[in-house]
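Worksheet: the structure to be examined is printed underneath.
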Amino acid sequence: MSDFLKDPLSLFDLAGKVAVITGASGAFGALAAQVLAGAGAKLTLVAGKAEALEKTAEACRELGAEIEAINARPSDEAACEKIIGRTVERFGRVDILVIASGKNDVAKITEMAPARFLSVMDANVTQSWLMARAAGKQMLAQGEGGKMVLMSSARGLLGHPAGYTAYCASKAAIDGIARALGCEWGPSGITVNAIAPTVFRSPLTAWMFEDTENARTVRKGFLARVPKGRLGEPQDLAGPLLFLASKASDFYTGHTLYADGGYTAG
């Protein structure tokens, strides 16, 4: 009998693994940090907001994780190389990269200055590419494979009438990076995948969950297109993340996993 059949849960065990998480002060980044901490990983947490970063770090310490907290953004090549360098200095290696940093900027195309469009593309695409590049070099040097999880969105597949040209373009690019790197690094054992949620509970979307007339109206219109009939909760992202960050997904690469209640299926 194969060893994993004796203990299937071992496929999701991250004990001894070292994970780097950017955007660790945001809703998804903080969730990712705590999920991986609970699964046994050592963590380098990266975020530009110092107070929120420390809050995430403390929550992970309470789960028993060793933490390296870096108050920075993956804004350029040097910053990304430094993040990986500090991780290797502290923990000796890098096994998992979760890129949860990014931004949105909503405006109709005729009202959006090119600089605003380029800012979204930089934060969501270029910085993700730079972090994947820096972590990938370290993983290739280690020669033992690795896991990369990029943050996409259902908007990488679907348009939106409210002024999402920058955001939709950036998330479609993330899907493309996942596919291309999945092919490029397939033989190395490094898997590269993306999680693409629709609306899930966070500080930015909390208003959609409220019992107000505006929230009910918006929610009703949105949920008419969601087969599961509800908005997403943090735990709806925890399972897919753990799958893509663990041995359980060793044969999966170049995929975009839609955590959307069936929204993109209809």
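The basis for the numbers below is simple: all heavy atoms, side chains too, and nothing from hydrogens, waters or symmetry mates. No experiment lies behind these values; they were computed from the predicted model shown. Sequence positions, counted from 1, serve as the residue numbers for this chain.
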Counting N and O atoms only, with roles assigned by atom type, does the side chain of [X] sit under 3.5 Å from a partner on the main chain of [Y], one being a donor and the other an acceptor?
X      : Y      : value
Gln138 : Ala134 : no
Ser152 : Ala194 : no
Asp95  : Val18  : yes
Arg90  : Ile67  : yes
Asp105 : Phe117 : no
Thr205 : Met208 : no
Lys147 : Ile96  : no
Thr253 : Val192 : yes
Asp236 : Glu233 : yes
Gln142 : Val94  : yes

Using side-chain heavy atoms (C-beta onward) and a distance below 4.5 Å, is [X] in contact with [Y]?
X      : Y      : value
Lys103 : Ser119 : yes
Ser246 : Leu14  : yes
Thr44  : Arg86  : no
Thr126 : Met121 : no
Asp250 : Lys247 : yes
Tyr263 : Val199 : no
Leu244 : His255 : no
Arg230 : Arg219 : no

Co-membership, hydrophobic cluster, residues [X] and [Y], 4.5 Å side-chain:
X      : Y      : result
Leu130 : Met151 : no
Val98  : Val88  : no
Ile190 : Ile84  : yes
Val106 : Phe222 : no
Leu43  : Val149 : yes

ask   = With a 4.0 Å cut-off, would you call Lys82 and Glu89 a salt bridge?
value = no
Test: Lys55 and Glu58 ion pair at under 4.0 Å = no
Check the angle between the aromatic planes of [X] and [Y] and answer parallel, tilted or perpendicular using the 30° and 60° thresholds.
X      : Y      : result
Phe28  : Phe200 : perpendicular
His160 : Tyr164 : parallel
Phe243 : Tyr252 : perpendicular

Give, for atom [atom1] of [X] and atom [atom2] of [Y], the distance between the pair rounded to the nearest 0.5 Å.
X      : Y      : atom1 : atom2 : result
Gln127 : Cys80  : CD    : SG    : 7.0 Å
Asp7   : Asp13  : CG    : CG    : 8.5 Å
Leu237 : Ile195 : CG    : CD1   : 6.5 Å

Exercise: identify the closest heavy-atom pair between [X] and [Y]:
X      : Y      : result
Ala238 : Leu31  : N-CD2, 4.3 Å
Thr56  : Ala33  : CG2-CB, 3.8 Å
Gly102 : Asn124 : CA-OD1, 3.0 Å
Phe12  : Leu242 : O-CD1, 3.7 Å

request  = Under the side-chain hydrogen bond (donor to acceptor under 3.5 Å, both in side chains) rule, collect the residues that match up with Glu210, sequence neighbours excluded.
outcome  = none
inquiry  = Surrounding NZ of Lys137 (heavy atoms of other residues, nucleotides or ligands, distance under 6.0 Å), is the total greater than 12?
reply    = yes
key: Whether over 12 other heavy atoms sit under 6.0 Å from Arg93 CZ   = yes
message = Is the positively charged end of Arg155 above the ring of Tyr167, judged by distance under 6.0 angstrom from the centroid and angle within 45° of the axis?
response = no
